[in-house]
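Heads up, the thing below is written out as structure tokens.
Values reported hereafter were calculated over all heavy atoms of this structure, with side chains retained and with hydrogens, waters and symmetry mates removed. The chains referred to below are lettered A, B, ... by the order of the sequence lines, with proteins before strands, and numbering in each begins at 1.
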Amino acid sequence: MANVVRLVLPDGTSREVPRGTTGAEVARSIGPGLARAALAVKLDDQVLDLDRPIERDGRFAVLTAQDEAEALELVRHDYAHVLAEAVQRLFPGTQITFGPATEDGFYYDFAPPPGRGPFTEADLPAIEEEMRRIIRADKPLRREVWDRDALIAKWRAEGEHFKAEWAAELPEGEEITVYWSGEDWMDMCRGPHLPSTGRLDPEAFRLTRVAGAYWRGDPARPQLSRIYGTGWLNRAQLEAHLARLEEAARRDHRRLGAEMDLFHFQPEAQGSVFWHPKGYALWRTLEAYMRRRLDAAGYVEVKTPQLMDALQWQRSGHWGKFRANMFVVPDEVPTTDEGRPPVSGAGRWMALKPMNCPAHVLIFRQGQKSYRDLPIRMAEFGCCHRNEPHGALHGLMRVRQFTQDDAHIFCREDQVEAEIVAFIDLLDSVYRDLGFERYAVKLALRPKERYGTDAEWDRAEQRLRDAVRAAGRMSPEYGWEELPGEGAFYAPKLEFHLTDAIGRTWQVGTIQADTVLPERLDATYIGEDGERHRPVMLHRAILGTFERFIGILLEHHAGRLPPWLAPVQAVVATIVSDADAHALAVVERLKAAGLRVEADLRNEKINLKVREHSLAKVPILAAVGRREAAQGTVAVRRLGGQGQEEMSVDAFVAWLRAEATPPDLKRRR
RNA sequence: GCCGCCUUAGCUCAGCCGGUAGAGCGGCGCAUUCGUAAUGCGUAGGUCGCCAGUUCGAGUCUGGCAGGCGGCACCA
């Protein structure tokens, strides 16, 4: 074995150093400035502590704050350790468990001392202060390799039962590393870490909130007390992040919904939306658009019952798996006796539909279907109810009553791939029309509890993969990812995700290739050979639900919807009351042209009117004063614009009609 | 469903160590007819989320419930 290693530096030069030289020493040999800035080193794709000896050849780089993504991950991981150390110092008897870096910071899960109860936000300032103390003490962080059994024994002796359980599950004989903070605190950790706590900026982190979190994500196990923080390389980054959060709060769809008078919620219908006239105008515009797109893509539209006998849900399998989340109603005449419950529950059980597919199969089964009839693309703007857990409800994003742009494509095996590819193209075009250039594509694979054979699942999963590849969406640009265990009980799911204002991602579109439900619900068609065959059923949605999609749409546009979607497309505002008649005439012209417009004749200054309609995010404001009334013109101002343009009423009507034309209709011209 | 926090006027919020509630915006009225992001003056508006308890006395303290918010778990 050679006693030198050959390192290739980022600039392409290479150098040989004695085997066992540390990363820090190599950095020093390159330059003293670099050595001071060094946070860790990278050998090939592995990030190593500065004091780790280099034992093999490879591409070598010194990580500094310039390598932002990797540096942030290191720093956040270190903040998590400092958090754990601080909590154990302040609250002796606290058990440490697990604490990774996250998207914008870090968290750590603790089991608080017996009798103390979970940590609360009131504890955070003291913990932050202790963290700063540990950072200022500049404690060296030192890696140490342990024998697994010795470590388990140590954790047990110290009452760290969660750590002991964790270590016991690591493979026998595996090298386990711990990191010491100074000489008096340690945690089991794979690393890497900065050389010392003093490399953290004591002013670049903040503890943000506390939360409960199950140990190993399992509700059957103890609930731990999680502390979240955000952490950065320096104070300026932290402040920029906090500013971004404030900006995100301003575009929260729940806030915009109230400000723009679109919808509200109240306890009488928890988790269900009260759509106001303007919110429903947006809904209707979106629905009309989707209906045109589906019509053009060869779909037929149906409408199916809201309540169905439980028997049909038993046949489909939903009753077995999702009964706890269904609204179930007895088919019974309620008693009028006072003081008695209105129903006894003795009648047949019905359920509000949680989804549309079993009803669509019932339509498919009416009459015999020939292979020549396929594909049948059966769409429904189906209103569904699901009894979601209370803690899951979240504005428009997660509700108990919702309407899907749902459809089921009944097709032959040989049509599946083309149908999926066509669907992805349609979805892509719809998202672009609605202002979304970026979305993530994920494949949710077979769950533990499922119907159908492994062979069927193999084929169904492969079909979706093939279609994504054929559609050209299997790339990092589309956030391509496979999610094991996350599919539906009857089929794998191709999922399309969009991101909300504060970075949470939500599934909107989906397509699922299902052979299980056609079997369970006995859907057949007559093939070319005269025999009965099972169709494949593609469950698919583009918006997902109108509720969630409108929520994301509002956040994406920060409420400033393009004119074709805006509930109020223009306001005609007067400057003096002498212009009232002219303003009303202009509004009549615009309404006759099918536009959504309002007149503002209030005895208020134009400044106030401009301000209020701007805050209400009306895309176009037309002001009329004496001059416009006399000349038959309007002064047009765009939302967010500075000046205004005077144009004739005819020109304004034509211009606004063009501005407000939905993108699909624009393409048709 | 689980953990933590929150709930005071239409909205946003203040209200100390327990002594019968306050601001701004909005609403309403009057004046003002004004040229592109807040005209002035006046005025009304509250079972302090709900139910119990402690207390001479509860917006304030305690318990329960409901709803909301942030996570966790769930998401056909």
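Within the 3.5 Å criterion, the main-chain N or O of A:G625 finds a donor-acceptor partner in the side chain of A:E628.
The CZ atom of A:F119 sits 22 Å away from the P atom of B:C2 (whole-angstrom rounding). For the pair A:H613 NE2 and B:A38 P, the computed distance is 14 Å after rounding to whole Å.
A:N325 comes within 4.0 angstrom of a base, heavy atoms only. A:K493 comes within contact range of the sugar-phosphate backbone alone, with a heavy-atom separation under 4.0 Å but no base atom that close. Residue-level contact check: A:P118 touches the backbone only, with heavy atoms under 4.0 Å from sugar-phosphate atoms and none from bases. Contacts of A:S577 with the nucleic acid, taken as non-hydrogen atoms under 4.0 Å apart, include base atoms. Here A:R209 lies in heavy-atom contact (under 4.0 Å) with sugar-phosphate atoms only.
Side-chain nitrogen and oxygen atoms of A:R398 include none within less than 4.0 Å of the OP1 or OP2 phosphate oxygen of B:C74. At the phosphate of B:A73, neither OP1 nor OP2 sits under 4.0 Å from any side-chain N or O atom of A:R216. Taking 4.0 angstrom as the limit, A:R254 places a side-chain polar atom (N or O) nearer than this to OP1 or OP2 of B:G70.
Counting atom types as modelled, A:E628 pairs a side-chain N or O with a base atom of B:G35 as donor and acceptor under 3.5 Å. Between the side chain of A:R386 and the base of B:C75 there is no donor-acceptor pair of N/O atoms closer than 3.5 Å. One N or O donor and one acceptor, one from the side chain of A:Y214 and one from the base of B:G1, sit under 3.5 Å apart. A donor N or O paired with an acceptor N or O is not found under 3.5 Å between the base of B:C5 and the side-chain atoms of A:E121.
Spacing of C1' atoms, B:C30 relative to B:A37, comes out at 26 Å, to the nearest Å. The same atom, P, is picked in B:G57 and in B:G19; the two are 14 Å apart, to the nearest Å. B:U62 and B:C16 have their P atoms separated by 14 Å, with the value rounded to a whole Å. Taking the P atom of each, B:G71 and B:G35 are spaced 48 Å apart, rounded to whole Å.
By the 30° and 60° cut-offs, the orientation of the rings of A:H264 relative to A:F274 is parallel.
Sorted by first then second residue, the salt bridge (charged side-chain N to carboxylate O under 4.0 Å, His left out) pairs that include residues 107-117 of chain A, not counting sequence neighbours, are A:D109-A:R226, A:R116-A:D123.
Under the salt bridge (charged side-chain N to carboxylate O under 4.0 Å, His left out) criterion, A:D104 pairs with no residue, sequence neighbours left out.
Defined by atom type and a distance below 3.5 Å, a donor-acceptor pair is present between the side-chain atoms of A:T510 and A:Q512.
Within the 4.5 Å cutoff, the side chain of A:H613 has heavy atoms near those of the A:K609 side chain. Using a 4.5 Å heavy-atom threshold, the side chains of A:F546 and A:C383 count as separate.
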Could you spell out the base pairing of RNA chain B as a dot-bracket line? Use Watson-Crick and G-U wobble contacts where both distances are under 3.5 Å, [ ] for crossing pairs, | for partners on a different strand.
(((((((..((((.....[..)))).(((((.......))))).....(((((..]....))))))))))))....
